[in-house]
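Following: one structure in structure tokens, then a few remarks.
Note that the structure is a prediction, hence the values are computed from the model and not measured. Computed over heavy atoms, backbone and side chain alike; hydrogens, waters and symmetry mates excluded. Residue numbering restarts at 1 for every chain, and letters A, B, ... go by the order of the sequence lines.
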Protein chains: 2
Amino acid sequence: MTQEQFAKYSFLLDRTARKVKQYAQQQFKDGDFDVTVDQWLVLKNLSENGKISQTELANLVFKDHPTLTRIVDLLCKKGYVEREPHPQDRRSFHLNLTPEGVSKVTALRPKILEIREKAWENLSEQDFEEFKRILNTIYQNLDGQLLEE
Amino acid sequence: MTQEQFAKYSFLLDRTARKVKQYAQQQFKDGDFDVTVDQWLVLKNLSENGKISQTELANLVFKDHPTLTRIVDLLCKKGYVEREPHPQDRRSFHLNLTPEGVSKVTALRPKILEIREKAWENLSEQDFEEFKRILNTIYQNLDGQLLEE
DNA sequence: TACCAATAATTAGTGTGACAAATATATAAA
DNA sequence: TTTATATATTTGTCACACTAATTATTGGTA
């Protein structure tokens, strides 16, 4: 395995991840879902974990705080999410789905699961396991490196 | 395999791709490379295929034309790339590395290959083959779908 | 009490990604 | 030759990622 190969794999990984996102986004658009792929990820996690802070949510979806702030801003503007003041900590919020947010999640969930299926055609159960293991290995290889060195 | 799983794999893929890019970008920054990861990809491909048009280059690096235009703009501003008028077609350019661009590529290439290696620790030759196959399968599952339907 | 470090969230700045639309030029067809 | 179509690039807009810096608040400690 030459060093050149590693660069190629990084390229393939990036290219494929972009394609998966782009495909999903296009389907979202065709279906008039009124949210982006990333907004959906946030909505879905909020629906499964109500009343959490932005920091907790950011950790769930693996987005940084500025990015999450802006996604939440957009979801609030669209009326799907609201920020309630945190009862004990005035720096923080409890995020919540509005009734519109709840029905949006209910309406979109089955459609989105169907869209996600497309990417994984022609792959076996075992492929999924391998893929997951490799992705997680890569992630862990790089996570926290910046602090250690 | 449930539909929920497919969504999780999409998430893992996105998360890992972002981590790989972020890690590389951080190393680029620590090393004062004066280019971003994507700018490097463009520079490298230009060094291996001189005198090509932006359309050809965009196809090589799998970026869309507006994105490539802007990356080339930045590389021109930094003095690493220049647009020569295409001799036969006034709509088009021949892109070229400047002397500074050539020495930048020469200086960075070994460092970047080393950085890329980090992501792939703890994985075997066979893992790479599997990984490449799965990524390409996914890509092909989604490529061109928008036109067919 | 006053100070100080840590934390939650935001803002600002730059780069990238996707898509639509515009501009200029080239090429083929009528 | 005129017209129509296709191609190469750019511009505009919105969204996301990351860094650094800022604001407000909290909690611990001298």
Side-chain angles (χ1 to χ4, degrees), chain A residues 11 14-30 33-42 52-59 61-78 81 83-95 142 146, chain B residues 11 14-30 33-42 52-59 61-78 83-95 142 146-147:
Chain A
F11 171 74
D14 181 63
R15 185 183 82 155
T16 304
R18 270 190 288 129
K19 176 63 84 177
V20 168
K21 191 170 204 169
Q22 183 199 1
Y23 175 79
Q25 187 60 58
Q26 185 63 50
Q27 300 297 114
F28 276 37
K29 198 178 172 191
D30 292 350
F33 289 3
D34 187 42
V35 290
T36 66
V37 170
D38 296 283
Q39 287 165 19
W40 165 253
L41 181 64
V42 169
I52 57 178
S53 72
Q54 292 191 187
T55 295
E56 290 167 317
L57 184 53
N59 292 335
V61 298
F62 284 81
K63 293 189 181 298
D64 55 51
H65 297 231
T67 298
L68 190 71
T69 290
R70 280 168 189 132
I71 292 177
V72 170
D73 282 348
L74 289 170
L75 289 172
C76 287
K77 210 176 291 176
K78 289 179 178 176
V81 171
R83 290 182 169 102
E84 291 177 9
H86 189 293
Q88 277 86 41
D89 189 338
R90 280 185 299 167
R91 293 170 302 180
S92 185
F93 300 106
H94 272 167
L95 298 177
L142 303 182
L146 305 177
Chain B
F11 171 74
D14 182 64
R15 184 182 83 156
T16 304
R18 271 190 286 131
K19 176 63 85 177
V20 168
K21 190 169 203 169
Q22 183 201 359
Y23 175 78
Q25 188 59 60
Q26 183 64 50
Q27 300 297 115
F28 276 36
K29 199 177 173 191
D30 291 351
F33 288 2
D34 187 39
V35 290
T36 66
V37 170
D38 297 282
Q39 288 164 19
W40 166 253
L41 180 65
V42 168
I52 57 178
S53 72
Q54 292 191 186
T55 296
E56 291 167 316
L57 184 53
N59 292 335
V61 299
F62 285 81
K63 295 188 181 297
D64 64 13
H65 297 225
T67 299
L68 188 72
T69 289
R70 280 161 189 140
I71 292 176
V72 170
D73 282 347
L74 290 171
L75 289 172
C76 286
K77 210 175 290 175
K78 289 179 176 176
R83 291 181 168 103
E84 291 176 10
H86 188 293
Q88 278 86 41
D89 189 338
R90 279 187 298 168
R91 294 169 303 180
S92 186
F93 300 106
H94 273 167
L95 297 178
L142 303 182
L146 306 177
L147 297 171

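B:I71 comes within 4.0 angstrom of sugar-phosphate atoms only, judged by non-hydrogen atoms across all strands, and of no base.
One atom, CG of B:N59, and another, C1' of D:dT9, lie 14 Å apart when rounded to the nearest Å. One atom, CD of A:E56, and another, C1' of C:dA9, lie 13 Å apart when rounded to the nearest Å. Separating the CG atom of A:L75 from the P atom of D:dC14 is a distance of 17 Å, rounded to the nearest angstrom.
Relative to the side chain of A:Q39, the nucleotides C:dG17, D:dC16, C:dT25 differ in distance, and D:dC16 lies closest. When each of D:dT10, D:dC16, D:dT13 is scored by its nearest atom to the side-chain atoms of A:K21, the top-ranked nucleotide is D:dC16. For A:T36, the listed nucleotide lying nearest its side chain is D:dC16; candidates were D:dC16, D:dT26, C:dT16. When distances run from any side-chain atom of B:K29 to the nucleotides D:dA15, D:dA20, D:dT10, the shortest one goes to D:dA20. If you check C:dT10, D:dT11, C:dT16 against the side chain of A:R83, the one that comes closest is C:dT10.
At least one side-chain heavy atom of A:D38 sits under 4.5 Å from a side-chain heavy atom of A:K21. Counting heavy atoms from C-beta outward, B:D14 and A:V20 have side chains that stay 4.5 Å or more apart.
Side-chain N/O atoms of A:R90 and base N/O atoms of D:dT25 include no donor-acceptor pair closer than 3.5 Å. The base of D:dG12 sits within donor-acceptor range of the side chain of B:R70, with an N or O pair under 3.5 Å. With hydrogens and angles left out, the side chain of A:R91 and the base of C:dT7 share a donor-acceptor pair within 3.5 Å.
At the phosphate of D:dA15, neither OP1 nor OP2 sits under 4.0 Å from any side-chain N or O atom of A:Q25. For the OP1/OP2 pair of D:dT9 and a distance below 4.0 Å, the side-chain nitrogens and oxygens of B:S92 include at least one atom meeting the criterion. For D:dA17, the OP1/OP2 oxygens have no side-chain nitrogen or oxygen of B:Q22 closer than 4.0 Å.
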